[in-house]
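To find a chain, count down the sequence lines: A is the first, B the second, and so on, and within it residues start at 1. Every heavy atom of this structure was used, including side-chain atoms; hydrogens, water molecules and symmetry mates were not.
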There are 2 protein chains.
Amino acid sequence: MTDSNPPAAPRRTTRADQRRQTESRILAAARELFADLGYDRTTIRAVAARAGVDAGLVMHYFHSKDELFAQAAKLADDDLPVAGSSPAEVADGLLASLARRLDAEPVASLAVLRSILTHAEAAEGFRAAGRQRVDQISVAIPASDAELRAGLISAIISGVVAERYLLRTSLLAQASPEEIIDLLRPCFQALVGPLSPTES
Amino acid sequence: MTDSNPPAAPRRTTRADQRRQTESRILAAARELFADLGYDRTTIRAVAARAGVDAGLVMHYFHSKDELFAQAAKLADDDLPVAGSSPAEVADGLLASLARRLDAEPVASLAVLRSILTHAEAAEGFRAAGRQRVDQISVAIPASDAELRAGLISAIISGVVAERYLLRTSLLAQASPEEIIDLLRPCFQALVGPLSPTES
DNA sequence: TGGCTCGGTCAACGGTCGTAGAATCAACCC
DNA sequence: GGGTTGATTCTACGACCGTTGACCGAGCCA
């Protein structure tokens, strides 16, 4: 009965560990709810309930709903590899990046995507990421209207991702990433390449 | 001084007229606010204030916020003329319809577009319109994956319109409809036409 | 072992929202 | 001209939200 190793295995969940664990549980719950409901309809009480804690604790760790959203929706920059080369390569890089997102879009970016249209902060974060993407793309496009073309590509990507994950109206939600990419390839090539008007 | 036509010109604003006028002022205010802020952030009090009336009156005419939104966001069906002919004609019809929307998108449809991601009813209305559009398009596409192609076209249209009117991040907001349409033409033709894989 | 720290809970405040119903007042009909 | 209707306002209720501060109890250090 009397086990003889008091502090050997039971080294469990120190206080700092507990804190980190709870914090990440709150963040996960927040991400899911923000992604499902958007900023406004997600309440701190609901986040706390899903994480199994009290609402006051959420306020204690993150200091406001805005800060909670900022933490939950923080996303790693999509390092799309547009190492400027031939337009065809640029298009392929963009398509590969899109394919990755179509395969498994991170919940955090779905949270900002869901909140873009109604929450100013989410819109600003999206704009920053979008501007960066547009800049990266447009320097790789040899055309005078490169920036407009890049903006169109960005809009297409957002539209497709939003439709697939958020609206889920059409078959876009069930199709495989490869099918979608294959259909989109000529689009991206036309937008990237300067071969659109006449090939002269 | 004494004008001599008591009931001639002063035939002004009968009660029914007044009502119609006030009602449409409320609807206009609601449309603007729903389009700017989305469903959740738009309050009945704000709509009433913008229309210059009391909030109770808004409730008296429209009986709930949901019904007000439904009335304000009711939009005429976009009669896109996809009189099924050659794929090129189909693409041109879609582009012409998009050009019209890029020229002047009605505020009502911006209201539902803004609220799509956070309001279930708006999403349902959008889905209905989208499904109809997808059906109309897909019957005109001679391909086995016609429905997926139509879904992609629909997603692209939504993405471009949302970026132009709601996000306004890129140059898409300032470009002329013709520029955009010209750049999108090869995209739509590739998606509509069965000439994508190999022309054999 | 005792005191301190800190993860966590509880109850409440102030504000805003959708909504309901009584009250007001001018236009309308007989 | 008096009664009625209906447009419009006023007041208030109840619910919910973000946020706060007091409080509790278990781990931690000396």
Side-chain angles (χ1 to χ4, degrees), chain A residues 6-30 33-34 36-73 115 118-122, chain B residues 6-7 9-27 29-30 33-34 36-73 115 118-122:
Chain A
R11 236 301 149 267
R12 263 300 153 73
T13 58
T14 143
R15 200 146 62 168
D17 280 351
Q18 184 74 15
R19 156 110 192 211
R20 251 186 307 269
Q21 208 168 325
T22 306
E23 218 165 331
S24 79
R25 236 171 47 234
I26 294 175
L27 276 179
L33 286 176
F34 281 133
D36 279 353
L37 309 174
Y39 183 87
D40 287 314
R41 290 177 122 87
T42 298
T43 75
I44 289 192
R45 283 173 169 85
V47 170
R50 176 171 293 214
V53 296
D54 185 87
L57 191 63
V58 178
M59 287 299 298
H60 192 233
Y61 288 166
F62 317 87
H63 308 295
S64 70
K65 187 181 178 183
D66 269 321
E67 198 168 326
L68 173 65
F69 179 81
Q71 291 283 336
S115 307
T118 44
H119 187 51
E121 196 171 320
Chain B
R11 236 301 147 264
R12 265 299 152 76
T13 60
T14 142
R15 200 145 63 166
D17 280 350
Q18 185 75 15
R19 155 112 194 208
R20 249 186 308 268
Q21 208 169 323
T22 305
E23 219 166 328
S24 78
R25 235 171 47 233
I26 294 176
L27 276 179
L33 285 177
F34 280 133
D36 279 354
L37 309 174
Y39 182 86
D40 287 315
R41 290 177 123 87
T42 298
T43 74
I44 289 191
R45 285 172 169 87
V47 170
R50 175 171 293 213
V53 296
D54 185 89
L57 190 63
V58 177
M59 286 298 299
H60 191 238
Y61 288 165
F62 317 86
H63 309 295
S64 70
K65 187 181 176 182
D66 268 320
E67 198 167 324
L68 173 64
F69 180 82
Q71 291 283 335
S115 308
T118 45
H119 188 51
E121 197 172 317

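- Whole-Å rounding puts the A:Phe62 CZ to D:dT20 C1' distance at 18 Å.
- Each of C:dG18, C:dC10, D:dT9 was ranked by its minimum atom distance to the side chain of A:Asp54; first place goes to C:dC10.
- A cation-pi arrangement, defined by a distance under 6.0 Å to the six-membered ring centre and an angle within 45 degrees of its axis, is present between A:Arg19 and A:Tyr61.
- The shortest distance between the side-chain N/O atoms of A:Gln18 and the OP1/OP2 oxygens of C:dG8 is below 4.0 Å.
- Between B:Thr118 and A:Asp40 there is no side-chain heavy-atom pair separated by less than 4.5 Å.
- Of all heavy-atom pairs between B:Glu121 and B:Asp66, the closest is OE1-OD1, 3.3 Å.
- With sequence neighbours left out, B:Ala46 forms a side-chain contact (heavy atoms from CB on, under 4.5 Å) with B:Leu33, B:Thr43.
- Between A:Arg41 and A:Gly56, the residue anchored nearer the 5' end of DNA chain D, judged by the nucleotide with its closest heavy atom, is A:Arg41.
- Listed nucleotides: D:dA7, C:dC17, D:dT19. Nearest to the side chain of B:Arg45: C:dC17.
- Place B:Ala55 and A:Met59 on DNA chain D by their nearest nucleotides, and B:Ala55 ends up nearer the 5' end.
- Taking atom NE2 of A:His60 as the reference point, atom P of C:dG7 lies 7 Å away to the nearest angstrom.
- Whole-Å rounding puts the B:His119 NE2 to C:dG18 C1' distance at 13 Å.
- Between the C1' atom of D:dC16 and the NZ atom of B:Lys65 lies a distance of 13 Å, rounded to the nearest Å.
- The side chain of B:Thr43 lies closest to C:dG18, out of C:dG8, C:dG18, D:dG18.
- The side chain of B:Leu57 has D:dT8 as its nearest neighbour among D:dT8, D:dT20, D:dC10.
- Between A:Tyr39 and A:His119, the ring-plane angle classifies as parallel under the 30° and 60° cut-offs.
- Distance from the side chain of A:Arg19 is smallest for C:dG7 among the nucleotides C:dA20, D:dT20, C:dG7.
- Residue A:Leu68 contributes atom CG, which lies 10 Å from atom P of D:dT19 at whole-angstrom precision.
- Residue B:Tyr61 is classed as a sugar-phosphate contact, given heavy-atom separations below 4.0 Å to backbone atoms only.
- Put simply, B:Thr22 has a side-chain N or O that comes within less than 4.0 Å of OP1 or OP2 on D:dT8.
- Atom pair A:Asp17:CG and D:dG27:P shows a separation of 13 Å (rounding to whole Å applied).
- Residue A:Phe34 contributes atom CZ, which lies 12 Å from atom C1' of D:dG18 at whole-angstrom precision.
- For A:Val53, the listed nucleotide lying nearest its side chain is C:dT9; candidates were C:dT9, D:dT9, C:dG8.
- Taking atom CZ on A:Phe69 and atom C1' on D:dT19, their separation rounds to 19 Å, with Å as the unit.
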